[in-house]
Amino acid sequence: MLLREVREKILDISHKLIQDRVISNGQGNLSYYDRESGYIAITPSAVPYEDRGVEDICVIDLDETLIEGNWKPTSEIALHMVYYRNRSDIQAVVHTHAPYATIFGIIGEESMPMVLNEAAMGLGGAVPVAPYARPGTETLAEVTFKATGKGIAVIMAHHGLVTLGVTLDEAYVATAAAEHTARALYRVRSMGVKAKVLSQSEVKTLREMYLKYAPRPSQSGGNGG
């Protein structure tokens, strides 16, 4: 079986995201690009998470050709491919409908600020909000990619959250960081007060601390962990 360990890792991270209540049923999608083999493991379309086995995770190439798997890849395939084709530093993409982070995609603000030090470590900067585009379209992929810039997280207007990483674990950490931040900001605003935002220099320092001590494999190869 191609990319067995990576496909198992995708199932593992999927279960964590379910426990975190940021995905359910068949919503959201995950992928990992094994640059050594040139293959991408990606979740299938519309198959409930509880029904998925390792063989249900699709394996495709950069041309989006299905190499192995029981189902069609996610309908959001373009959203994943735009990062793999244009950013050599990215090997994992996680898209969820994280409920609190998604709030920032419907209130008309340009970004979600950093207010928690641990979240700043996992994200490295404010999370921008991409313009609205219909799901499953090339336009959605393009506007989301553009809004991300060199960052590792972006909120899609009226839709959800995308996080990136060298590994699936790293992308998962970014998802959790974004959702924790959004939840904290929601609660602060419900108190009728304004949150104090961490300075850009402090956020940068915190991110550098995280990258110094967090385990990161080489960008060629690895098992997605």
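Since this is a predicted model, take the numbers as computed values, not measurements. Counting from 1, the numbers follow the sequence of the chain as shown.
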Atom of [X], atom of [Y] and distance for their closest heavy-atom approach:
{"X": "A101", "Y": "L161", "answer": "CB-CD2, 4.3 Å"}
{"X": "S45", "Y": "P73", "answer": "CB-O, 3.4 Å"}
{"X": "I42", "Y": "S31", "answer": "CG1-CB, 3.7 Å"}
{"X": "A130", "Y": "T144", "answer": "CB-CA, 3.9 Å"}
{"X": "L185", "Y": "A195", "answer": "CD2-CB, 3.7 Å"}
{"X": "K16", "Y": "D169", "answer": "NZ-OD1, 4.4 Å"}

Cationic N near anionic O, under 4.0 Å, [X] to [Y]:
{"X": "E68", "Y": "R7", "value": "yes"}
{"X": "R85", "Y": "E142", "value": "no"}
{"X": "K196", "Y": "E202", "value": "no"}

Quick check: is [Y] connected to [X] through a chain of hydrophobic side chains (ILVMFWY, heavy atoms under 4.5 Å apart)?
{"X": "I155", "Y": "V197", "result": "yes"}
{"X": "Y132", "Y": "F145", "result": "no"}
{"X": "V94", "Y": "V47", "result": "no"}
{"X": "V127", "Y": "Y186", "result": "yes"}
{"X": "I77", "Y": "W71", "result": "no"}

| request: Return yes when atom CD of Q200 has more than 12 non-hydrogen atoms of other residues, nucleotides or ligands closer than 6.0 Å, and no otherwise. | output: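 Not more than 12 within 6.0 Å, no.
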| Around E118, counting heavy atoms of other residues, nucleotides and ligands shown, do more than 12 lie under 6.0 Å from its CD? |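 Counting other residues, nucleotides and ligands, CD of E118 stays at 12 neighbours or fewer.
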| Residue among L62, V6, I90, V93 satisfying side-chain contact (heavy atoms from CB on, under 4.5 Å) with Y33 | L62
Close side-chain approach of [X] and [Y], heavy atoms under 4.5 Å:
{"X": "R52", "Y": "P44", "value": "yes"}
{"X": "R134", "Y": "L140", "value": "no"}
{"X": "V162", "Y": "M156", "value": "yes"}
{"X": "R189", "Y": "I107", "value": "yes"}
{"X": "I67", "Y": "T65", "value": "yes"}

| query | Members other than V143 in its cluster, when Ile, Leu, Val, Met, Phe, Trp, Tyr link by side-chain heavy atoms under 4.5 Å? | reply | none
What is the distance from atom [atom1] of [X] to atom [atom2] of [Y], rounded to the nearest 0.5 Å?
{"X": "K9", "Y": "L168", "atom1": "NZ", "atom2": "CG", "answer": "7.5 Å"}
{"X": "Y32", "Y": "I57", "atom1": "OH", "atom2": "CD1", "answer": "15.5 Å"}
{"X": "I10", "Y": "N29", "atom1": "CD1", "atom2": "CG", "answer": "10.5 Å"}
{"X": "D20", "Y": "I13", "atom1": "CG", "atom2": "CD1", "answer": "9.5 Å"}
{"X": "I60", "Y": "I40", "atom1": "CD1", "atom2": "CD1", "answer": "4.5 Å"}
{"X": "E76", "Y": "M81", "atom1": "CD", "atom2": "CE", "answer": "14.0 Å"}

| CA sep, side-chain torsions, deciding dist, call: L66, V59, side-chain contact (heavy atoms from CB on, under 4.5 Å) | CA-CA 6 Å; L66 180 63; V59 175; 6.0 Å; no
With a 3.5 Å distance limit and no angle check, can you tell me whether [X] reaches the backbone of [Y] through a side-chain donor-acceptor pair?
{"X": "E109", "Y": "F104", "value": "no"}
{"X": "R207", "Y": "A120", "value": "no"}
{"X": "S37", "Y": "Y39", "value": "yes"}
{"X": "D12", "Y": "E8", "value": "no"}
{"X": "D51", "Y": "P48", "value": "no"}
{"X": "N25", "Y": "Q27", "value": "no"}
{"X": "T167", "Y": "E170", "value": "yes"}
{"X": "R87", "Y": "G149", "value": "yes"}

Hey, are [Y] and [X] close enough side-chain-wise for a donor-acceptor pair under 3.5 Å?
{"X": "Y83", "Y": "T148", "value": "yes"}
{"X": "T139", "Y": "T137", "value": "no"}
{"X": "H159", "Y": "H95", "value": "yes"}

